[in-house]
Amino acid sequence: MRPEFYLEVSSDFNFKTAVYSHGWCDLAPFRFDIDNWRINYVFSDPDGRPFDALIESVDARIRILAERGDIDAEKLLRDTRHILRLDDDLTPFYRLTDREKRLRWVCAMSAGRLLRSPSVFEDLVKTICTTNCSWSLTKIMVGNLVEKLGTPTANGLRAFPTADAMASVDEGFYRNEIKAGYRAPYFAELARKVVNGDVDPETWLVSDLPTTELKKEMKKIKGVGDYAAENLLKLVGRYDGLALDSWLRSQFYKKHNRGEVCDDKSIAVFYEKFGRWRGLAIWCDMTEKWH
DNA sequence: GCGTCCAGGTCTACC
DNA sequence: GGTAGACCTGGACGC
């Protein structure tokens, strides 16, 4: 009998829009079952022992079925709250989107909770894997990281690798085994710095720094530029940056500029009215069809 | 089958 | 502060 746990959710939480908020549900060690609308994720206990868990929405609650019983349930529930953004208050954001008829669906569908990983480190590595490549290559790189460096569960599934595991291999491994290409030295250096304590991405979650300063901190990581930093900022709950990439730009051109290319400043002006929520506003606007 | 282009960009050197 | 050119890889596309 698999142990099961439940989490109460607020009335403005929507499991589907949270899970399918962006591509993260498609990246290992997440597994997304779109037919039954549930996800699996390989969590880790504080001692590093991984276990698989199924997460689904049942009767307006979140049900979590763990692979085995001897787990740290408190951490599992904390991690689940974190990845589903259960504690995010999007009320001020919805007040802004409700002002525009075409964006009223955002509040109506309780959209805007961007799925994230239990650790900022994992989101950081995954974000670097999204830069300058196709989504299929992102999936390959992340899949390789999990498959070749992640600790296995009893059933052979694997957790996302720890910084220690990532620091245990060299640049050549990232290039040849992970297929990280020119990102190879970035991953080797990042893992080394995290293990040495020179960088602690988890502090970004609770940082008192103004967003512009925090973004500068993030950009000190090799491989993290404007897009990556602003994407990470969204995942730690700051939506000041648009995180423009080629996909987002092309969607904007199609939806709001008759398919014609325009500069980034014009896109910024378009979403200026959403203030500190503009990054979330553009993301919801561009992904409306997904929901 | 092969060559080219580009994708959920960033870094470095140079001005 | 701004910009050109280089950078890995895999998949789509044209021929």
Side-chain angles (χ1 to χ4, degrees), chain A residues 19-28 30 32 111-112 114-117 122-148 166 169-193 199 201 212-236 238-239 241-257 259 261-265 267-268 271 278-291:
Chain A
V19 167
Y20 206 54
S21 49
H22 61 140
W24 254 220
C25 63
D26 216 16
L27 295 179
F30 279 108
F32 178 36
L114 304 178
L115 189 74
R116 59 186 172 186
S117 311
E122 181 176 333
D123 282 337
L124 168 58
V125 173
K126 285 177 171 174
T127 297
I128 294 174
C129 288
T130 67
T131 57
N132 195 29
C133 65
S134 59
W135 183 246
S136 59
L137 182 55
T138 297
K139 289 202 285 185
I140 288 170
M141 285 189 275
V142 174
N144 284 338
L145 283 168
V146 170
E147 204 52 41
K148 296 172 190 256
M166 287 187 63
V169 295
D170 62 11
E171 186 182 324
F173 184 90
Y174 287 105
R175 202 175 289 275
N176 302 322
E177 301 294 325
I178 306 300
K179 302 296 177 191
Y182 69 90
R183 304 166 196 81
Y186 302 163
F187 289 137
E189 182 181 312
L190 169 63
R192 204 166 49 239
K193 284 187 171 175
V199 172
T212 49
E213 295 304 311
L214 184 55
K215 184 178 169 185
K216 282 181 191 168
E217 284 299 307
M218 292 173 166
K219 286 181 70 175
K220 287 179 183 170
I221 308 291
K222 286 273 182 64
V224 176
D226 281 325
Y227 152 75
E230 290 177 3
N231 188 58
L232 281 164
L233 283 166
K234 288 181 182 181
L235 296 178
V236 299
R238 304 197 195 204
Y239 306 99
L242 297 181
L244 292 175
D245 54 27
S246 55
W247 184 83
L248 210 53
R249 287 188 184 95
S250 69
Q251 296 303 308
F252 180 87
Y253 303 151
K254 276 186 239 172
K255 191 164 186 177
H256 295 304
N257 208 40
V261 173
C262 62
D263 59 20
D264 291 353
K265 275 188 182 172
I267 302 177
Y271 290 99
R278 53 189 175 267
L280 197 52
I282 186 175
W283 186 257
C284 288
D285 194 14
M286 294 303 105
T287 57
E288 179 180 2
K289 284 183 182 171
W290 294 11
H291 308 294

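Chain A is the first sequence line, chain B the second, and so forth, proteins listed ahead of strands; every chain is numbered from 1. What you see below is based on every heavy atom in this structure, not just the backbone, and it leaves out hydrogens, waters and symmetry mates.
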Enquirer: Would you check if A:Lys148 and A:Phe173 make a side-chain contact, meaning some heavy-atom pair closer than 4.5 Å?
Expert: yes
Enquirer: Give A:Ser134 one of three labels, base, sugar-phosphate or nothing, depending on what nucleic acid heavy atoms sit under 4.0 Å from its own.
Expert: base
Enquirer: For A:Tyr186 and C:dC8, give me the distance from atom OH to atom P, rounded to whole Å.
Expert: 8 Å
Enquirer: What integer distance in Å separates A:Leu233:CG from B:dG8:C1'?
Expert: 16 Å
Enquirer: For A:Cys129 and A:Thr138, work out which heavy atoms get closest and say how close.
Expert: O-OG1, 2.8 Å
Enquirer: Can you check whether A:Lys219 has a side-chain N or O nearer than 4.0 Å to OP1 or OP2 of B:dC11?
Expert: no
Enquirer: Using a heavy-atom cut-off of under 4.0 Å over every strand shown, decide if A:Leu248 touches base, sugar-phosphate, or nothing.
Expert: nothing
Enquirer: Would you write the dot-bracket representation of DNA chain C, where each base gets (, ), [, ], | or . depending on whether it forms a Watson-Crick or G-U pair under 3.5 Å and with which partner?
Expert: |||||||.|||||||
Enquirer: Are A:Glu122 and A:Arg116 close enough for a salt bridge, meaning some N to O gap below 4.0 Å?
Expert: no
Enquirer: Map A:Gly223 and A:Trp247 onto DNA chain B by nearest heavy atom, then report which one ends up closer to the 5' terminus.
Expert: A:Trp247
Enquirer: Once you apply a heavy-atom cut-off of 4.0 Å, does A:Leu27 come out as touching a base, just sugar-phosphate, or nothing?
Expert: nothing
Enquirer: So which atom in A:Trp290 and which in A:His22 form the shortest heavy-atom distance, rounded to 0.1 Å?
Expert: CZ3-CA, 3.5 Å
Enquirer: Once you round it to whole Å, what is the distance between C1' of B:dG8 and NZ of A:Lys254?
Expert: 13 Å
Enquirer: So that I know where these two stand, are A:Tyr20 and A:Phe32 an aromatic pair - ring centroids less than 6.0 Å apart?
Expert: yes
Enquirer: For C:dG10 versus B:dC11, give the span between their P atoms, rounded off to a whole number of Å.
Expert: 22 Å
Enquirer: Just N and O in the side chain of A:Ser246: are any of them under 4.0 Å from OP1 or OP2 of B:dC6?
Expert: no
Enquirer: How close or far is atom P of B:dT12 from atom CD of A:Glu189, stated in whole angstroms?
Expert: 9 Å
Enquirer: Can you pull every protein N or O that's under 3.5 Å from an N or O on nucleotides 1-7 of chain C?
Expert:
none

Enquirer: What's the gap between C:dC7 and B:dA7 when it is taken at their C1' atoms, as a whole Å value?
Expert: 14 Å
Enquirer: How many whole angstroms separate atom CD of A:Glu230 from atom C1' of B:dG8?
Expert: 13 Å
Enquirer: Of the non-hydrogen atoms in A:Ser21 and A:Leu115, which two are nearest, and what is the gap between them?
Expert: OG-N, 2.9 Å
Enquirer: Please determine, by modelled atom types, if A:Tyr227 and A:Thr130 share a side-chain donor-acceptor pair under 3.5 angstrom.
Expert: yes
Enquirer: Taking only the P atom of each, what is the distance from C:dA6 to B:dC6 in whole angstrom?
Expert: 16 Å
Enquirer: Stacking between A:Trp135 and B:dG8, defined as ring centres under 5.5 angstrom apart with planes under 30°, is that present or not?
Expert: yes
Enquirer: Could you give the CG-to-P distance, from A:Asp245 to B:dG8, as a whole number of Å?
Expert: 7 Å
Enquirer: What is the distance, rounded to the nearest whole Å, between atom CG of A:Leu242 and atom P of B:dG9?
Expert: 15 Å
Enquirer: Rounded to whole Å, how long is the line connecting atom NZ of A:Lys139 with atom P of B:dG8?
Expert: 12 Å
Enquirer: Which residues pass the side-chain contact (heavy atoms from CB on, under 4.5 Å) test with A:Lys139, not counting sequence neighbours?
Expert: A:Asp26, A:Leu27, A:Trp135
Enquirer: For a quick test of reading the model, state the closest non-hydrogen atom pair linking A:Arg183 to A:Thr131 and the distance between them.
Expert: NH2-O, 2.8 Å
Enquirer: Looking at every non-hydrogen atom in both residues, tell me the closest pair between A:Gly241 and A:Lys234 and how far apart they are.
Expert: O-CE, 3.6 Å
Enquirer: Taking the C1' atom in each of B:dC5 and C:dC8, what is the distance between them to the nearest angstrom?
Expert: 15 Å
Enquirer: Any idea which of B:dG9, C:dG10, B:dT12 is nearest the A:Lys222 side chain?
Expert: B:dT12
